[in-house]
Peer 1: 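The structure's right below; bear with me while I get my questions together.
The sequence lines fix the lettering, A, B, ..., with proteins before strands; numbering per chain opens at 1. Predicted model only: the values in this text are computed from it and were never measured.
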There are 2 protein chains.
Amino acid sequence: MRFQKTTEYAIRVMVFLADHMDERYSANQLHQTLQIPYKYLGRLMQKLSNAGLVEVTQGKQGGYRIIQDLSNIYLSEIVNVVEGLADYGRCVLGFPQCSDENPCSLHKIWKERQESITKMIYDTTLADLQSNGSKKY
Amino acid sequence: MRFQKTTEYAIRVMVFLADHMDERYSANQLHQTLQIPYKYLGRLMQKLSNAGLVEVTQGKQGGYRIIQDLSNIYLSEIVNVVEGLADYGRCVLGFPQCSDENPCSLHKIWKERQESITKMIYDTTLADLQSNGSKKY
DNA sequence: TCTATATTCTACTCAGAGGTAGAAATAAGA
DNA sequence: TCTTATTTCTACCTCTGAGTAGAATATAGA
Ligand code: SF4
Ligand code: SF4
């Protein structure tokens, strides 16, 4: 029960870039600062840029940057790029089809928690996550 | 962000057996009733029995059964048998070391949800999950 | 134009989850 | 005792997430 490692990487990068808007960071800089495997990060960044979440500049002095308004970038978009959103809403017992009427005994207690996390990724934007002052990275 | 498929299987089996205490079910019966791959289920049941969660009888008319008091079997034990509990408490950014002091911007909102799920699996027993009446399976 | 620093593309490797196959061991009951 | 239904053991296979390697492409700036 956790996010995929790649999703963690993606959130790490986006939160970091959000805290350093208007600056470009190369894959190598991000790799060193955020402890993410260099080559792996390259492919991840490509996905994020294809999804329009970061702007990319090639060549010397190039790198990645966020240009969108931070309050328009939701965690759900980041999660979607990496692991997709299909699992949110999944039955805790793994059954494919099951209406909410006449639910099994675990349904209610599980759905509450699941929806709380779903709500979190759909409601939280990078603007909510800016750490003004006390930056750690 | 979801349980492993095998964990779902395990919970399915245990909830089913809890609803049918004092009856033995063979792997084949469970396989057909709960739609879990037969051979795969065999290995899963072995783990559950090694952990003492089910009693097993070999040979003809054999099968699996719960003998413990249902209120003594916590979801956390079931999860532990399959995927372990190490991920509960994991940092949402995947960093290995990070104290709760001077937390990053995501820490609080994430910890709340994570602890809610952790609490669920540590506090819920099979007795809480018995569906008296309206059984679906 | 050339060079250094970037991203991008392609093709691997590795580990673990999920699943399959078949034979061996066990025990109830005819 | 023999048969049959069962678990158990061992060995594979497949798929996906994670990570590595190297060459190709792009571009700022000397
Ligand atoms: S009622 Fe139970 S089986 Fe059906 S979707 Fe909800 S948790 Fe899954
Ligand atoms: S403060 Fe942030 S980085 Fe540190 S453990 Fe909490 S979520 Fe992870």
Peer 1: Take atom CG of B:L41 and atom C1' of D:dT6, then tell me their distance rounded to the nearest Å.
Peer 2: 13 Å

Peer 1: Separation of B:R2 atom CZ from C:dG18 atom C1', in whole Å?
Peer 2: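 These atoms are roughly 11 Å apart.
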
Peer 1: Quick one: what's the B/S/- string for nucleotides 22-30 of chain C, heavy-atom cutoff under 4.0 Å, read 5' to 3'?
Peer 2: BB--BBB--

Peer 1: If you only use heavy atoms from C-beta on, which nucleotide in D:dG19, C:dT8, D:dT7 is closest to the side chain of A:V56?
Peer 2: C:dT8

Peer 1: Show every donor-acceptor pair shorter than 3.5 Å between a side-chain atom in residues 72-80 of chain A and any protein atom, with sequence neighbours excluded, or say none if there are none.
Peer 2:
unit_1 : atom_1 : unit_2 : atom_2 : d
A:S76  : OG     : A:I121 : O      : 3.4
A:E77  : OE2    : A:Y74  : N      : 3.0

Peer 1: Show me the donor-acceptor pairs, under 3.5 Å and distance only, between side chains in residues 82-94 of chain B and residues at least two apart or in other chains.
Peer 2:
unit_1 : atom_1 : unit_2 : atom_2 : d
B:E83  : OE1    : B:Q4   : N      : 2.9
B:E83  : OE1    : B:T7   : OG1    : 2.8
B:E83  : OE2    : A:M1   : N      : 2.8
B:R90  : NE     : A:E8   : OE2    : 2.6
B:R90  : NH2    : A:E8   : OE1    : 3.1

Peer 1: Is B:Y9 close enough to C:dG19 that one of its side-chain N or O atoms is under 4.0 Å from OP1 or OP2 there?
Peer 2: yes

Peer 1: Across nucleotides 10-17 of chain C, 5' to 3', mark each nucleotide with B, S or - according to how protein heavy atoms within less than 4.0 Å reach it.
Peer 2: -B------

Peer 1: Separation of B:L30 atom CG from D:dA5 atom C1', in whole Å?
Peer 2: 15 Å

Peer 1: Between P on D:dG19 and CD1 on A:I36, what's the gap in Å once rounded to a whole number?
Peer 2: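 To the nearest whole Å, that distance equals 10 Å.
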
Peer 1: Going by ring pair (Phe, Tyr, Trp, His ring centres under 6.0 Å), name the pairs with one or both residues in residues 28-71 of chain B, residues two or more places apart or in two chains.
Peer 2: B:H31-B:Y38

Peer 1: Rounded to the nearest angstrom, tell me the gap between atom NZ in A:K47 and atom C1' in C:dT8.
Peer 2: 14 Å

Peer 1: Under the side chain to side chain donor-acceptor pair (under 3.5 Å) test, which residues partner A:D123, sequence neighbours left out?
Peer 2: A:K119

